[in-house]
Amino acid sequence: MQRFRERMDKLALSDAQKQDMASLMRIYQPRFKALRERGAADREALFAAAPDATGYAALTDAVSIEAGRTAAEVVVLMAELQANAYALLTPDQQAEYRAMKVKAWEKAQEKARQRKEQMSEKRGDKP
């Protein structure tokens, strides 16, 4: 969500657009917060539990299932937020927003490639 805000800040929004974006954030922030908090007790319990503790496998399964559900909901919620925000932008701002997303994707891919290379070097893999 922070990256999304940063992108919006770079778009030279009008005062009306800024107000509309602030309204969207007030709507979505509590929803994202609830997702972050959901399952926290089980995650903490799993972190604190020893692998040979009674119920460890069941707790691991529960945390895994909840993490998957939460991740899926975050994706849907973020897509919804982006669609609503995107609709508030002018065509020029929409084009700039799309360009920023492409640039961010390319940067992420480059970082992933570098990490993969570093891991390969640590393992002693041949090119």
Side-chain angles (χ1 to χ4, degrees):
M1 192 142 155
Q2 181 61 33
R3 288 186 193 127
F4 174 76
R5 279 192 200 126
E6 290 168 0
R7 284 186 192 125
M8 289 297 128
D9 288 344
K10 293 179 182 179
L11 291 175
L13 301 175
S14 69
D15 288 341
Q17 286 174 313
K18 287 177 185 177
Q19 288 177 350
D20 290 341
M21 290 294 176
S23 294
L24 283 177
M25 292 303 174
R26 282 191 298 277
I27 292 167
Y28 284 92
Q29 278 180 327
R31 295 171 69 187
F32 279 108
K33 182 180 180 195
L35 288 174
R36 276 192 312 274
E37 292 172 352
R38 191 171 72 191
D42 283 346
R43 287 190 305 274
E44 289 173 19
L46 180 61
F47 181 76
D52 61 352
T54 303
Y56 185 80
L59 183 57
T60 300
D61 289 345
V63 170
S64 175
I65 290 166
E66 186 57 43
R69 285 183 190 142
T70 300
E73 287 183 44
V74 166
V75 169
V76 171
L77 193 59
M78 194 66 207
E80 183 183 308
L81 169 59
Q82 287 185 61
N84 287 325
Y86 188 81
L88 300 173
L89 301 176
T90 66
D92 288 343
Q93 289 169 325
Q94 288 175 346
E96 188 175 349
Y97 179 77
R98 289 189 307 269
M100 283 189 281
K101 285 186 70 171
V102 167
K103 186 176 178 180
W105 175 257
E106 289 170 350
K107 186 177 177 180
Q109 294 302 304
E110 177 60 21
K111 283 184 178 185
R113 185 195 60 75
Q114 289 172 353
R115 281 191 305 273
K116 186 176 179 182
E117 248 179 43
Q118 289 170 348
M119 293 303 294
S120 180
E121 289 172 7
K122 285 181 182 180
R123 287 190 308 262
D125 295 348
K126 295 180 181 178

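Residue numbers start at 1 and run along the sequence shown.
- Annotation: side chain of R36 is in contact with side chain of K33 (closest heavy-atom distance under 4.5 Å).
- Here CZ of R43 is found 13.0 Å from CZ of F47. Values are rounded to the nearest 0.5 Å.
- Applying the side chain to side chain contact (heavy atoms under 4.5 Å, CB included) test to R26 and every residue at least two apart in sequence or in another chain returns A22, S23.
- Between the OH atom in Y28 and the CG atom in N84 there is a gap of 4.0 Å [rounded to 0.5 Å].
- Residues forming a side chain to side chain contact (heavy atoms under 4.5 Å, CB included) with L89 (at least two apart in sequence, or on another chain): M8, L11, L13, Q17, M21, Y86, Q93, Q94, Y97.
- Listed here is the closest heavy atom pair of D42 and A62: OD2-CB, 4.5 Å.
- Here CD1 of I65 is found 6.0 Å from CG of D61. Values are rounded to the nearest 0.5 Å.
- Listed for the S64 side chain is no donor-acceptor partner under 3.5 Å among the backbone atoms of T60.
- Of all heavy-atom pairs spanning A85 and F4, the tightest one is CB-CZ, 3.3 Å.
- Residues R113 and E110 are paired through a salt bridge, judged by an N-O separation under 4.0 Å between the basic side chain and the carboxylate.
- Taking CG from L35 and CD from E66, the interatomic distance works out to 9.0 Å, rounded to the nearest 0.5 Å.
- With hydrogens and angles ignored, the 3.5 Å screen pairs no side-chain donor or acceptor of R31 with any backbone N or O of V74.
- Distance NZ/K103 to CZ/R7: 11.5 Å, rounded to 0.5 Å.
- One distance of note links CE of M25 with CG of L81; it measures 5.0 Å at 0.5 Å rounding.
- Salt bridge R69/E73: absent, no basic N to carboxylate O contact under 4.0 Å.
- Applying the side chain to side chain contact (heavy atoms under 4.5 Å, CB included) test to K116 and every residue at least two apart in sequence or in another chain returns nothing.
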